[in-house]
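To keep things clear, I will list the structure first and then write my remarks on it.
None of these values were measured; they are calculated from a predicted model.
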Protein chains: 2
Amino acid sequence: MTFLDPTEGAALAVQLDGKGPLFAQVKRAFARRILDGALAVGDRLPSEERIAETLGVSRQTAHKAIAALAREGFLVRRRKAGTFVAAKRRDSFTLPIPDIGEVVAERGGVYQYRILSRREVVNGRDGLRWTDMADSAPLLELEVLHLADGVPLQVESRWINLAVAPDAVDEDFRDTPPGRWLADHLPWSTADHTVRAVGASAEMASLLEIDRGAACLLVERRTQNLGRPVTLVRFTSVGARHVLRGTTRSSTVTELGLDAGLEGAEEPRPSPGSGDGSRP
Amino acid sequence: MTFLDPTEGAALAVQLDGKGPLFAQVKRAFARRILDGALAVGDRLPSEERIAETLGVSRQTAHKAIAALAREGFLVRRRKAGTFVAAKRRDSFTLPIPDIGEVVAERGGVYQYRILSRREVVNGRDGLRWTDMADSAPLLELEVLHLADGVPLQVESRWINLAVAPDAVDEDFRDTPPGRWLADHLPWSTADHTVRAVGASAEMASLLEIDRGAACLLVERRTQNLGRPVTLVRFTSVGARHVLRGTTRSSTVTELGLDAGLEGAEEPRPSPGSGDGSRP
DNA sequence: CGTGGGATTATGTACGTACAAAATGAACCT
DNA sequence: AGGTTCATTTTGTACGTACATAATCCCACG
């Protein structure tokens with residue numbers, strides 16, 4: 001039996017810092033080694049038993065830490081084979097697509113919205129077909145204009161599955177916009193999104209008071225509850241007036257304070273390059 | 001002592017189905033009750049001890065299940081106060097922003113890229129300032145054009161912090177585009193994104209072979225490693241040729257198979273409404 | 001009436017033990 | 001040579017116990 005294979009040297013050089021719960025210390029120690037490159041992609045970690053023994057903790061404590069890192073994508077585990085540093089092809093980022101009303105309120109503007117149209121329709125009629133759903137399913141169709149300080153920001157086109165949300169029939173959405181109403185009434189289990197840039201159609205241009213063809217951000221969302229379609233909605237926002245913004249940080253990094261200077265990273269910063277490389 | 005307060009009736013009506021690990025059964029049972037509305041926002045769950053007792057499992061097993069649901073945002077826990085169904089203002093969605101090369105390959109196209117320019121620069125000079133970083137820090141500036149079947153898809157403007165990634169100096173990025181090279185060489189701990197729609201500048205228009213002012217998707221990403229800036233990159237993609245697509249599903253829903261018919265949801269579906277409401 | 005300080009309760013962490021399940025690799029048999 | 005079985009390693013789950021920690025509630029005291 002070998003006492004120390006080469007990789008074990010690096011893997012076991014982790015050190016606990018005595019701050020916070022034990023399992024968090026173990027977690028942080030390994031996460032730091034991975035992020036600073038001491039543990040490279042593909043490296044094998046010692047077994048839980050060995051880690052526990054070396055660090056002087058119980059096996060469950062080691063397990064809790066290592067399993068959490070695996071859950072977050074830092075490690076890959078295979079029974080009998082062992083635990084390995086994951087090839088983090090991490091190209092998934094959380095991008096909040098917030099309620100437009102909240103965005104406006106945060107910017108200190110006055111938020112308003114107008115219900116442009118509201119009618120009950122049937123799937124499969126009038127050139128309308130929502131393919132996740134059965135034909136002839138009853139839908140509520142809404143068109144909403146969102147404004148900030150009286151300036152149009154976004155057009156919302158929404159279809160609500162009345163079979164799942166029958167209460168929506170009795171709602172006029174005068175006090176609560178449909179997005180918020182749905183969030184308050186129906187949880188969803190799955191959401192599909194597409195994000196694209198489009199030129200404004202003639203209709204959109206007049207609604208949003210912009211030039212035809214002007215760049216707009218089009219976000220489409222389909223949500224489901226336990227497999228049943230809940231709502232399909234399209235947000236068309238004026239490109240020059242609306243931006244999506246988000247930070248992605250694994251919970252290990254957040255909880256364990258691995259990133260330094262996190263403050264001051266919120267406000268918009270001047271961009272490198274002369275101009276922003278997009279507008280003339 | 002009350003034997004059954006009103007909420008406990010609903011909370012304890014959960015039932016194990018005997019499939020898979022015990023803790024997963026407990027997790028699934030409660031998740032289902034939350035999603036189907038039997039447990040409404042604000043409802044209080046019985047204590048771990050009580051749940052364990054009622055379901056005939058140990059307290060740690062109940063704890064593991066309930067703690068996992070709390071981690072995923074279904075529940076909120078407060079010592080002494082108890083466990084409550086969370087007001088899920090869930091407006092965060094994971095949106096993969098994939099490597100453009102992989103996107104093209106998946107669509108069956110021929111992917112190519114061209115390094116348009118590559119130079120070493122210094123922060124704070126020539127109108128360039130990356131405010132996360134110290135002035136006079138050495139940077140590598142790159143401009144890359146990505147093509148599918150010879151058609152321009154995306155322009156990538158990138159700055160790499162040479163203090164953190166010194167190896168980049170010796171890399172000509174002929175065989176590996178900078179995005180992939182970085183992913184393989186440097187893990188990141190934090191990523192900030194902004195997504196917006198912009199009209200193509202004259203320069204962009206000529207590079208991408210589109211009309212000036214045509215809608216483009218502009219994605220900006222800043223990544224850090226343990227608090228140190230790694231790279232800042234802007235992707236400008238032709239709106240008509242590129243879409244971001246993503247599915248958000250809590251891991252409970254995925255792992256425990258709570259959503260029905262998940263298959264067949266991948267391919268693009270015809271849209272409701274006549275036309276897609278965006279292009280003339 | 002307010003307030004401060006416990007007793008109480010619920011969650012959080014930790015350890016030991018035990019067994020289950022999966023996957024590897026080696027011995028074995030044909 | 002080739003495939004199959006089986007022992008072994010490693011992770012995964014489960015239970016019991018114990019104590020730590022936070023927050024609430026309530027009572028006693030000023």
Fill in the blank from the handout: To the nearest angstrom, the CD-C1' distance between Glu48(A) and dG16(C) comes to 15 Å
Practice task
Could you tell me whether the phosphate oxygens of dT24(D), OP1 or OP2, come under 4.0 Å of any side-chain nitrogen or oxygen in Arg79(B)?
Solution key: no
Practice task
Would you please confirm or rule out a distance under 4.0 Å between OP1 or OP2 of dA14(C) and any side-chain N or O of Lys64(A)?
Solution key: no
Practice task
Indicate whether OP1 or OP2 belonging to dT11(D) is found under 4.0 Å from a side-chain N or O atom of Arg77(A).
Solution key: yes
Problem - Whole angstrom value for the distance that separates P of dA20(C) from CZ of Phe23(B) - result: 18 Å
Problem - Ser58(A) vs Lys80(B), nearer the 5' end of DNA chain C by closest nucleotide - result: Lys80(B)
Exercise for the section: Report yes or no: is there a donor-acceptor pair, N or O only, under 3.5 Å between the side chain of Arg78(B) and the base of dG12(C)? Expected result: no
Problem - Nearest-angstrom distance from the residue atom CZ of Arg59(B) to P of dC15(C) - result: 16 Å
Exercise for the section: Measure from the side chain of Arg44(A), starting at C-beta and using heavy atoms only, and say which of dG16(C), dA10(C), dT10(D) lies closest. Expected result: dT10(D)
Problem - Nearest-angstrom distance from the residue atom CD of Gln25(A) to P of dG12(C) - result: 19 Å
Problem - Test: Arg59(A) and Glu49(A) ion pair at under 4.0 Å - result: no
Practice task
May I ask you to say whether Asp172(B) pairs ionically with Arg174(B), meaning some side-chain N is under 4.0 Å from a carboxylate O?
Solution key: yes
Problem - Residue-phosphate contact under 4.0 Å: Thr61(B) side-chain N/O, dT13(D) OP1/OP2 - result: no
Handout entry: Between Arg77(A) and Thr83(A): side-chain donor-acceptor atoms closer than 3.5 Å
Key = yes
Exercise for the section: Using atom CG of Leu55(A) as one end and atom C1' of dC15(C) as the other, report the distance to the nearest whole Å. Expected result: 15 Å
Exercise for the section: Rounded to the nearest 0.5 Å, what's the gap from CD on Gln25(B) to CZ on Phe23(B)? Could you check? Expected result: 10.0 Å
Completion exercise
His63(B) NE2 to dA14(D) P, in whole Å, measures 14 Å
Practice task
Give one of base, sugar-phosphate or nothing for Gln60(B), where a contact means two heavy atoms less than 4.0 Å apart.
Solution key: base
Handout entry: Test of ring centre spacing under 6.0 Å for Phe93(A) and Trp188(B)
Key = yes
Handout entry: Atom-to-atom span, CD of Glu53(B) to P of dC15(D) - whole angstrom
Key = 14 Å
Fill in the blank from the handout: Glu49(A) CD to dT13(D) C1', in whole Å, measures 16 Å
